[in-house]
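Note that the structure is a prediction, hence the values are computed from the model and not measured.
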Amino acid sequence: MRCAEKIYTIVNHLKGLGKIFEEKEIKVKVLKSLTRTWQPKVITIFESKYLATMTHAELFGKLREYEMDLTRMFEKKAIDKKNRCFALKTNIPSSDESEDDNAEEC
């Protein structure tokens, strides 16, 4: 999400130099700057009818909320992966098999 914040910094500098951007154009540039991990949220925001009326604060709020959800999801996945139990197959004969072997030897 730091990319989005950098875009706003660049846009603010360009505004200082006299370049004018439409608000929707800036929001679209921010959303397009996000990585593939963000695609579900980006698509949802693009498909919503509120992009034109959404403020920058609302946009960043939605993106930060999604970022926290992603973080929680990755942490939960890491904990689940860490807590997995594996059953290992052994080659040691069970007591029933060893009794059968002993019976055959006698």
side-chain hydrogen bond (donor to acceptor under 3.5 Å, both in side chains) filter on Q39, not counting sequence neighbours, yields none

To the nearest 0.5 Å, atom NZ of K19 lies from atom CD1 of I10 at 14.0 Å

Taken to the nearest 0.5 Å, the spacing of M54 CE from K62 NZ works out to 5.0 Å

d(L34 CG, K29 NZ) to nearest 0.5 Å is 13.5 Å

Open item on the list: With clusters defined by side-chain heavy atoms of hydrophobic residues (ILVMFWY) lying less than 4.5 Å apart, directly or transitively, does L14 cluster with I26?
Closed with: yes

Would V30 and E25 count as a side chain to side chain contact (heavy atoms under 4.5 Å, CB included) here? Give the steps.
CA-CA 9 Å; V30 167; E25 183 182 4; over 6 Å; no

Quiz item: More than 12 heavy atoms of other residues, nucleotides or ligands under 6.0 Å from NZ of K41: is that the case?
Solution: yes

Cut-off 3.5 Å, no hydrogens considered: what does the side-chain donor-acceptor table look like for residues 70-78, sequence neighbours left out?
residue	atom	partner	partner atom	Å
T71	OG1	E67	O	2.9
R72	NH1	D69	OD1	3.0
K76	NZ	D80	OD2	3.2

Sorted by chain and number, sequence neighbours left out, side-chain contact (heavy atoms from CB on, under 4.5 Å) with T53 holds for Y50

Taken in chain and number order and not counting sequence neighbours, the residues that satisfy side-chain contact (heavy atoms from CB on, under 4.5 Å) with L51 are K24, K27, V28, L31, I45, F46

Sub-4.5 Å side-chain heavy-atom contact between T44 and Y66:
no

Between the CG atom in N12 and the CG atom in L17, the distance rounded to the nearest 0.5 Å is 11.0 Å

